[in-house]
Amino acid sequence: MKNNIDTRENLSKYAASFVMMLIIIQPMLDVLSYWLIKGDNTSITTILRILMLGVIVIYSFIISDNKKFYFVFYGVMAGFWALHMINGFRIGYISLFSDIALFIRVAQMPALTLSFITFLKKNKNTKKAIYEGCCLAFVIVIGVICLSYITNTPDYMYYGVGIKGWFYSGNAQSIIVTVLVCMTLLFTYRTRNKFIFIMGAFFGFGLLFSSGTRVTFFSIFIIAIGILVLLVFNKEKSWIYYTTLVLVMLICGGFFNISPMVNEKDKMHAGFEAEQEKINASINNSELKMEYGEDKEIPGKPYTLNQYKKIYEPYLWMYKDAIDEFGFEKFLEEYDYTTEAEQLGNNRLYKQTIARIKWEQQDFLTKLVGYESATVNLNGSVYMPENDLPILLYFNGYIGFGLYVLFIAYFAVLALVALIKNFKNVFTVETGLVGIAIMLVLGSSLLSGYLVERPNVSIYLSMMLAVVYSITVIENGVNPYLGLKKYK
């Protein structure tokens, strides 16, 4: 027994350094993924991330003082997966391995959160390591972007618009950058070095502005206003911090009309307008009744079935797989007979429609535990929804969706209890910025997705939730059992 305790304590000494190393290598893994994707090979980084997940979980389990909770926690996960898998065999599995891969990606967030909580419990320097690691990761991101321009090989969020560097997924990178900027501003503020804070704000907000996505642009004002409120409440006396944040908002707001975000939005709008003109011309064309086989009237709609086929003709190449699977009439019904180019050319909506139709076709038992990932594989193409709510619901069912939401809600309740119990000590710049980072991640996942099934993104949410646990439970004595059981 004594040897086991000694082993745990000795290994715990390295927890903070281990966590910092994990954070620092995240952008490096993303860069490696970028170049491997360019070469049509992502297996290396996939294996590396699976190994990383395994090492984190095993390390945290070894040093944990409460291994019983690990068994209960993973027992719940295993129980859900067993039900999901049994149902998969019941209705006929298409690809068990791809389903397992998706489950691992979704389960990583809660799994890593538990591990990070263990690290925070066992080593008091872990929280500082998270903040410092995020700041260093941000410096690496800036360095990678600069290097991509120096070597004349930059990539963009959109077609020639929005700074991205050597990072593949623009939506995923947007979420990552918002977290790193929040933590960089927290770290630089805590140094009490005004020059370092100004530099952090300059590069942080500058990157958010230059990225060109709605998520990053509006995050500028959410973060800046949030920090200003926190500074006022915590009676910050230095005018430098206030001035810096106000100037940032004035500059970014003043350049709104020439921002990369507006530039891309204008390009997209112009593209849809051009497509809409073609659709309108097609509708007004006397040859609209071009035959596509047997025609029929659609009750309550202005056009016949063949007329809708003619209107949708420019998009049939894109919709081919869905039409082959469900039929044109079903597809038309799901699109509510729209003739709007902005909806017809929306690939995100197309994927979500396919997933929704597949969901509606399932029986009640499948809806309880979700269908497998290969369900949205049509003619060899996988139409995975980009928004996270459909991914959670359709692939994990009511039970999995509920477990995931309850897990996140638990930390919100911890924060609320801590604020009620000791508002003055809890409502700090630190707690506020961690909270802002979490809200931006969750908000972004609802708007653009790329959280639930993206391990390179969900790891940051895991860290932030674990920090909430540290601030509320470890530092402020909130009962983690929320009164259901005595604590300490």
Side-chain angles (χ1 to χ4, degrees), residues 91-92 94-95 98 158-159 171 264-364 366-367 370-391 393-395 446-449:
I91 62 177
I94 302 171
S95 176
S98 64
Y158 305 103
Y159 297 103
N171 287 326
E264 171 55 25
K265 186 178 178 181
D266 289 345
K267 283 184 178 179
M268 188 179 297
H269 183 68
F272 283 135
E273 280 191 338
E275 291 299 317
Q276 191 63 53
E277 287 178 3
K278 293 179 182 178
I279 291 174
N280 294 340
S282 177
I283 292 174
N284 296 327
N285 194 320
S286 60
E287 298 179 0
L288 184 59
K289 295 182 180 180
M290 173 184 176
E291 290 297 326
Y292 279 87
E294 184 179 351
D295 199 8
K296 69 176 184 179
E297 297 289 331
I298 301 175
K301 301 302 174 184
Y303 310 112
T304 66
L305 180 63
N306 279 351
Q307 285 176 324
Y308 273 110
K309 287 181 179 179
K310 179 63 178 177
I311 294 169
Y312 279 53
E313 191 174 56
Y315 302 93
L316 292 181
W317 65 270
M318 187 171 98
Y319 299 149
K320 182 180 184 304
D321 290 337
I323 292 173
D324 289 346
E325 180 77 13
F326 311 118
F328 183 76
E329 290 185 63
K330 175 63 176 176
F331 183 78
L332 189 61
E333 180 185 339
E334 290 295 326
Y335 265 67
D336 197 28
Y337 303 92
T338 184
T339 58
E340 298 296 320
E342 192 166 351
Q343 293 185 52
L344 293 175
N346 190 330
N347 192 49
R348 184 188 297 266
L349 177 62
Y350 178 47
K351 293 177 182 178
Q352 191 166 323
T353 300
I354 291 172
R356 186 179 65 251
I357 296 174
K358 285 290 187 179
W359 172 257
E360 292 169 351
Q361 293 175 344
Q362 308 305 314
D363 60 19
F364 179 70
T366 302
K367 287 183 177 180
Y371 55 58
E372 66 167 301
S373 60
T375 305
V376 293
N377 187 328
L378 307 183
N379 297 331
S381 298
V382 179
Y383 294 96
M384 183 67 69
E386 294 181 20
N387 297 78
D388 284 333
L389 281 182
I391 290 176
L393 179 60
Y394 299 158
F395 298 100
L446 296 178
L447 180 66
S448 60

To the nearest 0.5 Å, how far apart are [atom1] in [X] and [atom2] in [Y]?
{"X": "D321", "Y": "F331", "atom1": "CG", "atom2": "CZ", "value": "10.5 Å"}
{"X": "L393", "Y": "D388", "atom1": "CG", "atom2": "CG", "value": "12.5 Å"}
{"X": "I311", "Y": "N280", "atom1": "CD1", "atom2": "CG", "value": "9.5 Å"}
{"X": "L332", "Y": "T338", "atom1": "CG", "atom2": "OG1", "value": "9.5 Å"}
{"X": "K320", "Y": "N379", "atom1": "NZ", "atom2": "CG", "value": "6.0 Å"}
{"X": "H269", "Y": "E273", "atom1": "NE2", "atom2": "CD", "value": "3.5 Å"}

Is [X] atom [atom1] crowded by more than 12 heavy atoms from other residues, nucleotides or ligands, each under 6.0 Å away?
{"X": "E360", "atom1": "CD", "value": "yes"}
{"X": "E334", "atom1": "CD", "value": "yes"}
{"X": "K278", "atom1": "NZ", "value": "no"}
{"X": "K265", "atom1": "NZ", "value": "no"}

- prompt: With under 30° as parallel and over 60° as perpendicular, where do the rings of Y335 and Y312 fit, or are they tilted in between?
  reply: perpendicular

task: Report the C-alpha separation of T366 and I91 in whole Å, then their side-chain angles, then the decisive distance to 0.1 Å, and conclude whether the side-chain contact (heavy atoms from CB on, under 4.5 Å) test is met.
output: CA-CA 8 Å; T366 302; I91 62 177; 3.8 Å; yes

With a 4.5 Å limit on heavy-atom distance, are the side chains of [X] and [Y] in contact?
{"X": "F395", "Y": "P385", "result": "yes"}
{"X": "Q307", "Y": "K310", "result": "no"}
{"X": "Y303", "Y": "Y337", "result": "no"}
{"X": "F326", "Y": "Y319", "result": "no"}
{"X": "Y383", "Y": "T353", "result": "no"}

How close do [X] and [Y] get, counting heavy atoms only, and between which atoms?
{"X": "A355", "Y": "Y371", "value": "O-OH, 2.8 Å"}
{"X": "A341", "Y": "E275", "value": "CB-CB, 3.7 Å"}
{"X": "M384", "Y": "S373", "value": "CE-CB, 4.3 Å"}
{"X": "T339", "Y": "I279", "value": "O-CG2, 3.6 Å"}
{"X": "L378", "Y": "K358", "value": "CD2-CE, 4.0 Å"}
{"X": "L446", "Y": "N387", "value": "O-ND2, 3.2 Å"}

query: Would E329 and E333 satisfy side-chain contact (heavy atoms from CB on, under 4.5 Å), going step by step from the backbone distance to the final call?
result: CA-CA 6 Å; E329 290 185 63; E333 180 185 339; over 6 Å; no

message: Any carboxylate oxygen within less than 4.0 angstrom of a Lys/Arg side-chain nitrogen, looking at E264 and K267?
response: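 Looking at E264 and K267, the cut-off is not met.
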
- request: Report the C-alpha separation of E340 and N346 in whole Å, then their side-chain angles, then the decisive distance to 0.1 Å, and conclude whether the side-chain contact (heavy atoms from CB on, under 4.5 Å) test is met.
  value: CA-CA 10 Å; E340 298 296 320; N346 190 330; over 6 Å; no

- request: Spell out, as yes or no, whether a donor-acceptor pair under 3.5 Å connects the side chain of Y350 to the backbone of M318.
  value: yes

task: Return yes if some donor-acceptor pair links the side-chain N/O of Q276 with the main-chain N/O of E342 below 3.5 Å, else return no.
output: no

